[in-house]
Amino acid sequence: MSQDSPFSSAAPVLVPMPAERPYTYAVPEGMRVVPGSIVRVPLGPRQVAGVVWDGGAEPVDVRKLRPIEQVFDCPPISRDMRRFVDWVSQYTLSPPGMVARMLLRAPEAFDPEPWTEGVKLTDQRPDRMTGARERVLAAASDGFAWTRSGLAHAAGVSSSVVDGLREQGVFEAVMIPPRPVVAAPDTAYAAAELTPDQRAAADDLRAGVEADGFGVTLLDGVTGSGKTEVYFEAVAAALEKGRQVLILLPEIALTHAFLERFQNRFGVKPAEWHSDLPPRMRERVWRQVAEGAVKVVAGARSALFLPFRELGLIVVDEEHDPAYKQEDRVFYNARDMAVVRAHIGGFPVVLASATPSVESRVNASQERYGRVVLSSRFADAALPDLRTIDMRRSPPARGGFLSPLLLQRMAATLEKGEQSLLFLNRRGYAPLTLCRACGHRFGCPVCSSWLVEHRFRGQLICHHCGHTQKRPDACPECGTLDHLVACGPGVERIAEEVVAHFPEARTIVLSSDIMGGVRRLRLELEAIANGDADIVIGTQLVAKGHNFPNMTLVGVVDADLGLANGDPRASERTFQLLSQVTGRAGRTGKKSLGLLQTYQPDHPVMQAIVSGDSELFYEREIGERERTGLPPFGRLAGLIVSAPTRAEAEGHARALRLAAPNASDIFVLGPAEAPLSLLNGRHRFRLLIHGGRRSDMQGFIKAMLAAGPKVRGQIRVQVDIDPQSFL
DNA sequence: AGTTCGCTGAGT
DNA sequence: CTCAGCGAACTG
């Protein structure tokens, strides 16, 4: 950028590793670098890409000083982006180098995209005409440049035909510039047809974008109220101003439907950004975002670190989704960092959700965020009738998990030729296996949580660390044969019960265990939407945004699951999940029903779901959190230590108490509560810090980090947001 | 993060 | 005395 003056003899360079500050490199005679320049520098024995940073180069022993090797021919990282990296680094207590690493994740993109060689028609005619040659000439008669293989393919001939013509001078070789990854969106492609409600909401958002300046709006609309079409109007407004737009989605790999909706409105698909993107595509998207050629990116949380030139709007869809939290290396919540990014850039953010997070609701009620409410569903999408089934009064048959009331409804639905969905957020067959002879329970040898039986695969699997073993026939403790029993239900076991009751029905199980990955899953979902199944049994992946037009019954097998797991957000998560799942029914125009099997029908979450009154839930939950000091109102600077085994967690907690004698509370969590990511990384344990004033915690954590190298290497911190702290 | 350094303890 | 195996330290 023009206000950045160039460095001459030495420059600070942020390298992609956990450096606390930029390193100083010599700038060779005649080389020109400015803050933001992407450079290749020697680091120890290797060469890495780094970013020239701001501020003066700190003086360093000339014998240590090494020269910048190369300045990449690439737009420099903007000043806003550099401030963002510094801010995220401070806020997350991660070294700035590690944050910078996230924006240098496309190493091949730093060199300009190569032009490819192609061919173009000349005035020369071929010596002899053949059928193949005629087709090639016809295909190329538009006068544009073609790639050899592209032309051959279009003409239905082999590329040697093209080569032959080129040798005769019928074609000349030309260089073709890199093709854009996506065409420019057309804001006038298909003007939105909006209801008066939606129109009012869209105008609100549009006004925010047109006013040009920072602001956060919570777009709060029930499932099926058309949130997407409404925020597309804000996207259009930003595009009309010539700005770039970022739309964050929780799990981009499964959001095929979203891309289509975008295309219906803007005529083209947005550029995608997520971890499954092929490397070549990844580079091109990165480069073209940096050059400003890509106008709209739909991406996962890491898209927040793309080097936008003229970012003018961020939309965070499903803002409550836990997938926005990154829980390794740099711990951050992309939703909150999006707000920060917008604050730095001076442009608006839209947070959209049918079930907003409690933090966002609090921010809205305290008027730090604006709030736009969409209350009505589309005309053909009636709300489902929602009821609880009190499992104390209508218990399942012995050995079963489905209440007679639910089975009765399933039978009626099947009779009508409509589909049922049974939801249970637990993979596998049974969460615990034990020996009836001696009482031995199968625990994971690596991390001491229970092994989950997967009967289809004949395996016992630890859902915690991924440890797998074959399910034995005999008890390893007492040797008794055939006395192992499964305790509790998983989706496979529910499927068994369903097949026993409805042998003639087409039953399908959907969980992340299915073989064949995302592609297969998409096919299965399509098949269900086409009516190729009568009863679907699924884990939480069926809760996410798919439309099944003939699905008129949703049964939640265990609505209480997740309410009693020690997570301070247990109620909130359960409310959000149950809202989403029951929202799968009633999008059909047909009369539909949602049934929740629960032992706590009076629990506020069940009451809120059944009454359809989410205000009821939020008011209660916010009051409860204020009272107990849980996030976002926390008053305690408490630590939660979690580790692969309880004994280990306790050991670490003891060490932390010694290192930080002034810590108010150190809680210990066993393996059942420790997140999966814990064991995949290299660290041994992690700290979760809930509540408290951020500044207090930062001081506290820094004191602890200063306490010694033993603690330093192992601490990972995740801080729950104090809603004021990032504005 | 990725690499080298240096200590410990088992092995020739 | 050598060397694998591991944790700690350093990278400009």
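Just so you know, these numbers come straight off a predicted model, no measurement behind them. In what follows, every heavy atom counts, from backbone to side chain, and hydrogens, waters and symmetry copies are set aside.
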**Report entry** side chain to side chain donor-acceptor pair (under 3.5 Å) partners for Glu58(A), two or more places apart
**Finding:**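 For Glu58(A) the side chain to side chain donor-acceptor pair (under 3.5 Å) partners, ignoring immediate neighbours, are Arg21(A).
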So, [X] side chain and [Y] main chain: donor-acceptor pair closer than 3.5 Å or not?
X         : Y         : value
Arg82(A)  : Ile77(A)  : yes
Arg243(A) : Leu311(A) : yes
Ser511(A) : Asp513(A) : yes

Report task. Output, in order, the C-alpha distance, side-chain angles, deciding distance and verdict of side-chain hydrogen bond (donor to acceptor under 3.5 Å, both in side chains) for Glu572(A) and Ser357(A). Result -> CA-CA 8 Å; Glu572(A) 180 182 355; Ser357(A) 61; 4.8 Å; no
Query raised in the report: Does Phe305(A) have its ring centroid less than 6.0 Å away from the ring centroid of Tyr332(A)?
Result: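 Aromatic pair counts; centres sit under 6.0 Å.
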Write down the distance between [atom1] ([X]) and [atom2] ([N]), rounded to a whole number of angstrom.
X         : N      : atom1 : atom2 : value
Leu14(A)  : dA1(B) : CG    : P     : 15 Å
Glu20(A)  : dA9(C) : CD    : P     : 15 Å
Arg101(A) : dA1(B) : CZ    : C1'   : 6 Å

Query raised in the report: Base, sugar-phosphate, or nothing for Pro12(A), non-hydrogen atoms under 4.0 angstrom?
Result: nothing
Query raised in the report: How is Arg63(A) classified with respect to the nucleic acid when contacts are heavy atoms under 4.0 Å: base, sugar-phosphate, or nothing?
Result: nothing
Query raised in the report: Of the residues in residues 41-56 of chain A, which ones touch DNA chain B at a heavy-atom distance under 4.0 Å?
Result: Pro45(A), Arg46(A)
